[in-house]
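One structure is given here, and the rest of the page talks about it.
Worth saying up front: this structure is predicted, and the values here are computed from it rather than measured. Residue numbering restarts at 1 for every chain, and letters A, B, ... go by the order of the sequence lines.
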Amino acid sequence: MSNAFGKGHKLHLIDGSAFIFRAYHALPPLTRKSDGLPIGAVAGFCNMLWKYVQDSKGDMAPTHVAVIFDHSAKTFRSDLYADYKANRPPPPEDLVPQFPLTREATKAFNIACIELENFEADDIIATLACQAREAGGEAVIISSDKDLMQLVGDGVTMLDPIKNKEIGPEEVEEKFGVGPDRVVDIQALAGDSVDNVPGAPGIGIKTAALLINEYGDLETLLARADEIKQPKRRQTLIDFADQIRVSKQLVQLDCETPLDFTLETLELRDPEPETLLGFLTEMEFRTLTNRVAEKFEVEAPSVPDTPAAPQGEAAAGPDWPEIDRDGYETVATEDALDSWIARIAEAGAVAIDTETTGLNEMTADLVGISLCVEAGSACYIPVGHVSGGGDLFGSGAKSDGQLDMDLVLGKLKPLLEDAAILKIGQNIKYDWKILARLGIRMTPIEDTMLLSYALSAGDGGHGMDALSERVLGHTTMPIKDLIGSGKSQIGFEQVEIAKATPYAAEDAEVTWRLWQMLRPQLSPNRVTTAYETLERPMVPVLADMEMAGIKVDPEHLARMSNVFAQKMAGLEDEIHELAGQKFNVGSPKQLGEILFDKMGLAGGKQGKTGAYSTSADVLEDLAAEGHDLPARVLDWRGMSKLKSTYTDALQTHVNADTGRVHTSYSITGAQTGRLASTDPNLQNIPIRTEEGRRIREAFIATPGHRLVALDYSQIELRILAHVADIPALKQAFRDGIDIHAMTASQMFGVPIEGMDPMIRRQAKAINFGVIYGISGFGLSRNLRIPRAEAQAFIDTYFERFPEIRAYMDKTVEDAKRDGFVRTIFGRRIMTPGINTKGPAAGGARRAAINAPIQGAAADIIRRAMIRMPAAIRDLPAKMLLQVHDELVFEVEDKAVDDLVDAARGVMEGAAEPAVKLSVPLVVDAGTGESWAAAH
DNA sequence: GCTATCACG
DNA sequence: GACGTACGTGATAGCC
C-alpha cells in the first residue's frame, strides 16, 4: 500500500444490506434460466454496483471503498434489549440463498466486502467513518438509512443512492429537527417501531425535537423532567427514563467495532475483467455481461442457454485434512459449549446430528448432540448417557462428565431457531422431530440426503454410509462397533461417552463435508429448484404430520384378528384334509411340493431357487381348473395377510402416549419422488376387497372430529395427456368425460353411451398399462386374454393416440443421451440401466417412461402438501396422511366444509404457477368418522 | 439375510 | 429370432 490513509483521501462506505433489500424489492422475482435459482436481488445488486463504479469516476471519485453487510440477526444489542429488532420478519424465502451471492458479487467487483459477527453493518460503518475522520480524510456513507444520520458531521457525509442527493447537516436537521450530534437523543425518545426500539410512549420525532431543543440534550432533559409543563409528558419522561436510556444505547452506533484491517486495505481497485465477467456469466446476466465487456473492450463471454452439466459426484474435494476420529472434542463445560455456539454464530452454518436411545423418533430420547463447523473440527455434547455396565439393572444413573440437558437445549435453542444460521443434517427430519419434541423447531435447514436425492435419485442410496463412501471416499465407523447387534444390542445411552464422541462427531463432520461437496452441484446440474421447492420444504411438513399421527381403535383390530384366526383355522383343516396330510400352509415350499409333487398338478418350476411358484397367479389358474385346494389356500392367504400385516401388527404400532399411530415417511424412499411410508406402512392399508376395507374402519377421528380424504382423480393419465400432448385425451379431460369409456370408444368405434362394461374394463387396463410401458404379454396376462389379441389392442391404441408413441420414444432417447429423465417440475431421475444390453434393458426403458409421469404426480402432491399448512392455518384441522394421490385430514365437525374447500383449492391448483397444465386437475372428497367412511 | 408373497397407488 | 415381460413401494413369514 502506497501511503497511509489521511488528508485528501475519500472513503466510500456502501450499506450493502440496504442495497440488497432495495434490489430485491425493485425487481420482479427473476430466476436463473438454467436452474431456476432466485437471482433477482443479485441482478439488481450488480446493476447498482456497476452503476456506482461508473458514476464514481470524476469529481465524486473515492480513493477507498468498501461494502458493509450485516452478518447475522444476533448482535450485542440483543443482550441489551431482548426484543431488539424482534418485530422484524425473516427475510423472504427466495432472498435467503441470494445473500452469499451478493458477497461474491462484491468481491467480483474487486471491492472490499466487510461483515463482522455480532455487529450490525451500521456499527462497522460508524467505526470506519470515525477512523477516516480522525485520520484527516473524508468519509461518504452511501445509504439513506436514518439510523446512520447521527454520523454526519465534519468529514462525514451521506449520499442517498436513489435520489443521488447528498445528506449533510442541513438535511439531517430537516428530518430530525436537531443537528446530527443530537440525533440519537431524538431516536431514544421517539423510538422505532421497525427495529422495536421502545423509546418513550406517546413521543414522536416532533415532540422529541421540541424537548431536546429546549433542554439541550437528553440527560439534561431527563434530569429536569419535573420542570416540564405538560403533566402527561412529564410523567412519561419520569416513568420511562430507564427505557429511554436503554433506547439510546440501542440507537447509538458503536465507533469501537474491533476490525482486523486498516483503512489502507480498502484502497480503490479497478475490477478485473476476467473475474467480474466470470461471475456475471455464471449468474447468466446477459445484458450486464455485455455492458461490462463493452466497457472493458473485451469480447463478451457467451451465456449458454443450458450450461454443460457435470455428471456424477465431484471429482476431488477441497484441500481437507483426513478425518481424525480421535481429534474430536467432548463438550462437558458451559464455557466449552459457549465457545462452540460462538463459532457457529460466526460461521453462519453448522452440521448437526443427534444421538438417541432408539430409531423411532416418537419414542426415542435424546442422548447427545454433535456439531461441526468446518472440516477437522467437530464436537459431541453428551446429555443423556447413563452408567450402564454389565449388570442387568445397571445403575441407570446419568454418568459423569455431562452438562444438564435443559441447559444445553436452552443455550442451543436460539441458535437452532436463528434464521441466519443454517442447520445441516443428514436425514434431518429425524433430528428435527427429536428436537421438536423438546420444544425446538429448527430453521432454516439443509439436508445432505435430500441434496443427493435431488442430484441423483435412482442411482445409488442416499444414506450417510453410502454417501460418505461415494462422495468422500471415506468409510464411516459402523454403529455396530458401539452398540452391537442382534440380541445383545444396547441403546446409545449406554455407550461410554469416550467411545460415543468419535462416532457421533464423525457423523456431524461427514455431514458437513457432504454438504460442502453436494450443495455446489445443484446449480450446474440444474436441480436447485427441485431441491428448494420439492425436497427441502417437505421436512417440517412431514415431521408435523408424523407427529400428529392418526387415531386407531385397537379393539376393532383385535376383534378382526380373532375372526380371521377362526376362519383361518377352519380353512387350514379343510386344506389338510384335501391334501391328505398336515403341512404348513404358510410355507410356499411345502405347498409347492403338495400341489405339484404329491397331487401331480401341472405347473413348472421357477428359476433361480428351483422352487415351485405358488403365487396367486398360479393358484388362481389351478382354482379355475376346478381344484379346491388352491382355492382354499388363496382364501387362507388373504386372511393371513390381513391378520399378520394389518390387524395384528397395527395394534403394536399404537403409541402409548398418544393413542395414535405415527408412521414415518421417507422422502428419498422411491426413485420417482413418491414418498414411502414405514413403521408402519400406512400407504398400503387394504381397500380393494370388502374384508380388507374393514381394516380402514379402525382408523378413526377423535370425538367431535371427522376424517376427510381428498384424492386426485386420474392424475397420472392427466399428466400423460399433458406431457405427451394428446389432443383427444386432453379434450376428454376438459369435457369431464369418462376417460376409459372415451378410450374404448376411440379404439373400438363404439358409442360411449350404453357401453359394454367389459369393453371399458379393457380400455382401462390399457390406459394404466401405457403409463407403465405396456407390452402385449403383460396386458394379456392382466386381462387374461390371448397374447395376440392384447397386442392388437395395443397396436390400435397407438394408432389412435400416436402422440403417446412419440412421447415414449423421445423419453427413452433423452434417457439414453442424458442418463436421466426429468419431470415437468424439474425433478431429475437417473436412468442407470438404460444403455445396457440384455434383459434388464426393457425394465430400464419402462422405468424411464414411467418416471416423468409418476414423478410429476408426486411433485404435484408435494407442492400441495407444502402449501397446505398456510392454507388451513386458521382451521381446526390437521393433515395426517399422504397416500400418493390422496391426503387425509382430521378436522373438527364444524369446519369440514371449510377444510374441503381450502384443501381442494390447494390441491387442484398445486401445479401452478410453475406449470400451467393443459388439463384440469380434479380432486374428489369424502368425509366420515373413519377412513373407510371417508372414501 | 434372502426369497416369495401380497397389500397399496 | 430370442429374451423377458407393467411402474413404484413395505411388511411378513419361511428358510438357510
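- Separation of the P atoms belonging to B:dC6 and C:dA6 is 16 Å when rounded to the nearest angstrom.
- Comparing the P positions of C:dC3 and B:dA7 gives a spacing of 32 Å, expressed to the nearest Å.
- Comment: A:Glu890 does not engage A:Lys551 in a salt bridge, judged by the lack of any side-chain N to carboxylate O separation of less than 4.0 angstrom.
- Applying the 3.5 Å distance criterion, the base of B:dC8 shares no donor-acceptor pair with the side chain of A:Gln683.
- Atom CG in A:Asn584 sits about 14 Å away from atom C1' in B:dA4, given to the nearest Å.
- B:dG9 atom C1' lies 8 Å from atom CD of A:Gln854, rounded to whole Å.
- As a whole-Å value, the separation of A:Leu591 CG from B:dA4 P is 14 Å.
- One can find a donor-acceptor pair under 3.5 Å joining the base of B:dG9 and the side-chain atoms of A:Arg688.
- Residue A:Thr614 places at least one side-chain N or O closer than 4.0 Å to OP1 or OP2 of B:dT5.
- Which of C:dC7, C:dA13, C:dG8 sits closest to the side chain of A:Ala670 comes down to C:dG8.
- When each of B:dG9, B:dA7, B:dA4 is scored by its nearest atom to the side-chain atoms of A:Pro588, the top-ranked nucleotide is B:dA4.
- For the atom pair A:Asn655 CG and A:Asn360 CG, the distance stands at 7.5 Å (nearest 0.5 Å).
- Note on A:Arg784 versus A:Glu620: salt bridge recorded, some NZ/NE/NH1/NH2 to OD/OE distance being below 4.0 Å.
- Of the candidates C:dT12, B:dG9, C:dA11, the closest approach to any side-chain atom of A:Ile687 belongs to B:dG9.
- A:Phe564 has its CZ atom 13 Å from the C1' atom of B:dA7, to the nearest Å.
- Within 4.0 Å (heavy atoms only), A:Ala649 reaches sugar-phosphate atoms of the nucleic acid but no base atom.
- Picking from C:dA6, C:dG8, B:dT5 the nucleotide with the shortest atom distance to the side chain of A:Ser615 gives B:dT5.
- Across the protein-nucleic acid pair, A:Arg845 atom CZ and C:dT5 atom P stand 14 Å apart, rounded to whole Å.
- You'll find that the side chain of A:Thr672 is closest to C:dG8, out of C:dT5, C:dA6, C:dG8.
- When rounded to the nearest whole Å, the span between NZ of A:Lys589 and P of B:dT5 equals 14 Å.
- Remark: A:Arg674 is not in phosphate contact with C:dT9, judged by side-chain N or O atoms under 4.0 Å from OP1 or OP2.
- Ring-centre distance between A:Tyr807 and A:His722: not below the 6.0 Å cut-off.
- No hydrogens or angles were tested; on distance alone, a donor-acceptor pair under 3.5 Å links the side chain of A:Ser775 to the base of C:dT5.
- For A:Arg781 and C:dA6, the shortest distance from a side-chain N or O to OP1 or OP2 is below 4.0 Å.
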So A:Gln566 and A:Asn562, side chain to side chain donor-acceptor pair (under 3.5 Å) or not? Walk me through it.
CA-CA 6 Å; A:Gln566 283 175 27; A:Asn562 289 334; over 6 Å; no
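- For A:His884, taking side-chain heavy atoms from C-beta onward, the closest of the listed nucleotides B:dG9, C:dA6, B:dT5 is B:dG9.
- A straight line from CD of A:Gln651 to P of C:dT12 spans 13 Å, rounded to a whole angstrom.
- Below the 3.5 angstrom threshold, one finds no donor paired with an acceptor across the side chain of A:Arg637 and the base of C:dT12.
- Donor-acceptor pairing under 3.5 Å is recorded for the side chains of A:Tyr797 and A:Asn767.
- The side chain of A:Gln671 sits closest to C:dT9 out of B:dT5, C:dA13, C:dT9.
- Using Watson-Crick or G-U wobble geometry with both donor-acceptor distances under 3.5 Å, C:dC3 finds no partner in any strand shown.
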